[in-house]
Amino acid sequence: MDTVQTPELQTLDTKLNSLSEILQVLDQDGGVIVHNMLSPQVVINLRKELAPASEDASVGSQSDNKNVNDFWGQQTKRFTRLAQRSQTFADEVLIHPTLIGIADALLKPSCASYWMNTGQMMIIMPGSTPQSMHRDADDWPGMCSPEAPLCQFSCMFALSDFTTKNGATRVVPGSHAWSDYSRQATDDEITQAVMPVGSGMIFLGNTLHSAGANKTVDEARYGMDLSYVLGWLTPEEAGCLSVTEDRAKTFTKQQQQLLGYRCYDASDLNGGRLWTVDYEDVPVGLHW
Ligand SMILES: O=C(O)CCC(=O)C(=O)O
Ligand SMILES: [Fe+2]
């Protein structure tokens with residue numbers, strides 16, 4: 001009798017594999033686990049700098065909308081503003097060379113520059129139920145179809161070990177390439193991004209995925225999701241309202257661009273300039 005093979009995500013390593021190898025697996029499977037995205041010291045710094053917000057955050061959303069509450073997770077803590085809250089996030093994660101390499105390869109062909117879309121902590125507490133399967137590109141109607149160009153991709157960083165029991169992200173490898181996006185995934189098509197702390201699961205905006213259930217009694221799953229989006233689409237997080245001008249002034253032009261402290265300038269590509277102030281680039285440090 002034939003045995004049904006659960007599709008697995010492939011695992012690569014920044015110490016062993018090149019950017020082109022990561023891109024090749026991403027293109028084929030829509031997702032890939034990459035070990036050693038963050039050094040142990042970077043993880044320690046992130047956990048320390050984000051500890052006050054992690055402790056203060058309460059589980060569940062404050063919204064009255066049932067869909068928002070279900071998506072958020074009643075036992076899940078979420079917060080953003082990571083570039084404000086953590087210098088390590090701004091310097092070691094937001095501009096991670098592997099992710100910038102992927103953004104240049106996959107998003108740049110369709111835009112003059114890209115934004116950070118989300119920088120979110122997702123702490124799945126014991127008792128969390130599984131999130132519903134979704135494609136993150138569904139945020140932009142018309143941009144999530146087998147025909148549309150890729151508009152977004154993410155990296156889910158493990159700031160603690162991700163296990164099947166504590167809520168490792170569920171993924172449907174290959175679902176980015178389905179010809180019918182209305183099709184539901186069957187259980188045997190779903191795998192989980194089991195990975196050690198410091199790894200990242202990189203996945204395309206049109207790959208089906210969701211948070212797993214946390215079936216442990218006392219083990220929180222610390223995930224940090226960073227995503228990038230084409231610069232002519234509205235990002236999920238209002239980057240420049242999430243970081244004070246005083247802090248933005250200390251950042252490089254690349255960090256400012258990712259956080260919306262620079263305009264989207266497609267004038268060299270026969271396009272226009274978006275996100276301007278008085279027709280000009282965003283004046284960082286201008287006091288009204
Ligand atoms: O927490 C996770 O593993 C995934 C969450 C997710 O996909 C989302 O909130 O969009
Ligand atoms: Fe998602």
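Owing to the predicted nature of the structure, the values given are computational and were not obtained by experimental measurement. Quick note: numbers below take in every heavy atom, side chains included, and nothing from hydrogens, waters or symmetry partners. For ligands, and for the atoms within them, numbers begin at 1 and follow the listed sequence.
- Numbered from 1 in the order shown, with element, the atoms of ligand 1 that lie under 4.0 Å from a heavy atom of Phe71 read 8 (C), 9 (O), 10 (O).
- Between Arg273 and Glu280, at least one side-chain N (NZ, or NE/NH1/NH2) sits under 4.0 Å from a carboxylate O, which counts as a salt bridge.
- With ring centers used as reference points, Phe251 lies 6.0 Å or more from Tyr261.
- Taking every non-hydrogen atom of Met156 and a distance limit under 4.0 Å, the qualifying atoms of ligand 1 come out as 1 (O), 2 (C), 3 (O), 4 (C).
- Side-chain contact, Asp13 with Asn36: a donor N or O sits under 3.5 Å from an acceptor N or O.
- Near Thr169, the atoms of ligand 1 lying under 4.0 angstrom from a non-hydrogen atom of the residue are 2 (C), 3 (O).
- Following chains of ILVMFWY side-chain contacts shorter than 4.5 Å, one can reach Leu12 starting from Leu204, so the two form part of one hydrophobic cluster.
- Aromatic rings of Phe203 and His176 (six-membered ring for Trp) have centroids beyond the 6.0 Å cut-off, not under it.
- Comment: Arg183 does not engage Asp180 in a salt bridge, judged by the lack of any side-chain N to carboxylate O separation of less than 4.0 angstrom.
- In terms of protein heavy atoms, atom 10 (O) of ligand 1 is closest to His134 NE2, 3.1 Å.
- A donor atom on one side chain and an acceptor atom on the other are found under 3.5 Å apart for Tyr114 and Asp104.
- Ion pairing of Glu189 with Arg170 is absent here, as no side-chain N (NZ or NE/NH1/NH2) approaches a carboxylate O to less than 4.0 Å.
- Listed by chain and number, the protein N, O or S atoms at a distance under 2.8 Å from the Fe ion (ligand 2) are His134 NE2, Asp136 OD1, His209 NE2.
- The ligand atoms of ligand 1 that sit less than 4.0 angstrom from a heavy atom of Asp136 are 10 (O).
- Within the 4.0 Å heavy-atom cutoff, Trp72 does not count among the residues contacting ligand 1.
- Heavy-atom separations between Arg221 and ligand 1 include at least one value shorter than 4.0 Å.
- Counting heavy atoms from C-beta on, the side chains of Ser132 and Ser210 never come closer than 4.5 Å.
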Glu49 vs Thr88, test: side-chain hydrogen bond (donor to acceptor under 3.5 Å, both in side chains). Steps then yes/no. CA-CA 8 Å; Glu49 291 162 19; Thr88 305; 2.8 Å; yes
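- Using a 4.0 Å cut-off between heavy atoms, Arg78 contacts ligand 1 through its side chain alone, with no backbone atom that close.
- In this structure, the protein non-hydrogen atom closest to atom 5 (C) of ligand 1 is Gln131 OE1, 3.3 Å.
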